[in-house]
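Fair warning: this is a prediction, and the values are worked out from it, not measured in the lab. Reckoned from all heavy atoms, side chains included, excluding hydrogens, waters and symmetry mates. Proteins come first, then strands; the chains are lettered A, B, ... in the order of their sequence lines, and each starts at number 1.
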Amino acid sequence: MAWTFFIATALIAVTSAVLVITQRKPVYSALFLVLCLLAVAVLFFQLNATFLAALQVIVYAGAIMVLFVFVIMLLHAREPVETETRLDYQQPAAVFLAFLLIAEMGYLALVGGKAVAASTESGTATGVKELSRLLFTNYLLAFELTSVILLVAMVGVVVLGKKRL
Amino acid sequence: MVPIGYYLFVSVVLFTLGVVGVLTRRNALIVFMSIELMLNAANLAFVAFARDLHAADGQVIVFFVMAVAAAEVAVGLVIIVSLFRRVGSIDVDDANTLKW
């Protein structure tokens, strides 16, 4: 049962990722990326990370991708026309090297050690309580610094967005 | 329970697809989306290890990666908009001030 869910979700994630990088129109890519992010959120849920699954939907699929779509609308983005500087061998070489990379990293992921040893215990879902206990004790400094990062990002966006600096 | 190796394999495939997207596409927005794909692949690997090692630290790291990714997307998109205002297109090949 868990296997069926995992394989279905993994297939959706990988297929939509392939469609993200191959679409002509950026809007289609953005929508397929939303689908991929939702599939990854379901994978988080299967890994007992319930809070992170919700965060993934809210933050990534809900805020970041909306920002992308807004910018696509602002720039009237469409796929650039082909020019003579295009290298003919670039795409086949990229696909071949991608397969090579997947084969190499996939070997490490699947064949190493106890990576595929089935374990019968099913963990308890890690929710808000466990995460926040760690967040406010061990990782408190990182937590406070994140707020500074967000402030810097906000100021940076306002400054960089001005027409005349 | 699905063993961790398979989740890592999905993470590997997503990461490689992100790399291919960054390297082959010329539209700056799609390059940026491929970067987000790579970040998500790394997040998936973190959460897979967090479950396997029974430590929630991996999930805390994903929390921070998401926060930093949000900030980075905001700043990156405004840089793309500035580039568009300056160069007139979002084709990364057009943002070229080299002599030859």
> Between B/L44 and A/F44, does a side-chain contact (heavy atoms from CB on, under 4.5 Å) hold up when you go through it step by step?
Replying inline: CA-CA 7 Å; B/L44 184 58; A/F44 283 177; 3.9 Å; yes
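- Top candidate by heavy-atom pairs under 4.5 Å with chain A, chosen from B/V10, B/L77, B/V73, B/L14, is B/L77.
- Residue contact with chain B, scored on non-hydrogen atoms closer than 4.5 Å, involves the backbone and the side chain of A/A142 alike.
- No side-chain donor from either of B/N43 and A/Y60 sits under 3.5 Å from a side-chain acceptor of the other.
- Looking at B/L23, the atoms closer than 4.5 Å to chain A (heavy atoms on both sides) all sit in the backbone: N, CA, C or O.
- Taking the six-membered ring where tryptophan is involved, the planes of A/F143 and B/F63 are essentially parallel, since the angle between them stays under 30° and well short of 60°.
- Interface residue B/A69: backbone and side-chain heavy atoms are both found under 4.5 Å from chain A.
- The number of heavy-atom neighbours closer than 6.0 Å to CZ of A/F45, taken from other residues, nucleotides and ligands shown, is 12 or below.
- Contacts of B/F9 with chain A are made by both backbone and side-chain atoms, with heavy-atom separations under 4.5 Å.
- The minimum heavy-atom distance linking B/V2 with A/A2 is given by the pair CG2-O, 4.0 Å.
- Few gaps surround CZ on B/F84; more than 12 heavy atoms of other groups in view lie less than 6.0 Å from it.
- When atom types are taken as modelled, the side chain of B/R51 and the backbone of A/N48 share no donor-acceptor pair closer than 3.5 angstrom.
- In terms of heavy-atom proximity, B/R25 sits nearest to A/R24 at NH2-O, 4.0 Å.
- Interface check for chain A: of the options B/V60, B/I79, B/I80, the most heavy-atom pairs under 4.5 Å are formed by B/V60.
- Looking at every heavy atom in both residues, B/A71 comes nearest to A/I149 through CB-CG2, 3.9 Å.
- Of the two parts of B/S89, neither the backbone nor the side chain holds a non-hydrogen atom closer than 4.5 Å to a non-hydrogen atom of chain A.
- For a residue to count as touching a neighbouring chain, one of its non-hydrogen atoms must lie under 4.5 Å from one of that chain's; by this rule B/E36 touches chain A with backbone and side chain alike.
- Separation of atoms CD (B/Q59) and CG (A/L52) is listed at 5.0 Å; rounding is to 0.5 Å.
- Looking at B/Y7, both its backbone and its side chain come within 4.5 Å of chain A, counting heavy atoms on both sides.
- If you chain together hydrophobic residues whose side chains sit under 4.5 Å apart, B/L83 and B/I30 never meet in one group.
- Ranking B/V47, B/V22, B/V31 against chain A, the residue ahead of the rest is B/V47, based on heavy-atom pairs under 4.5 Å.
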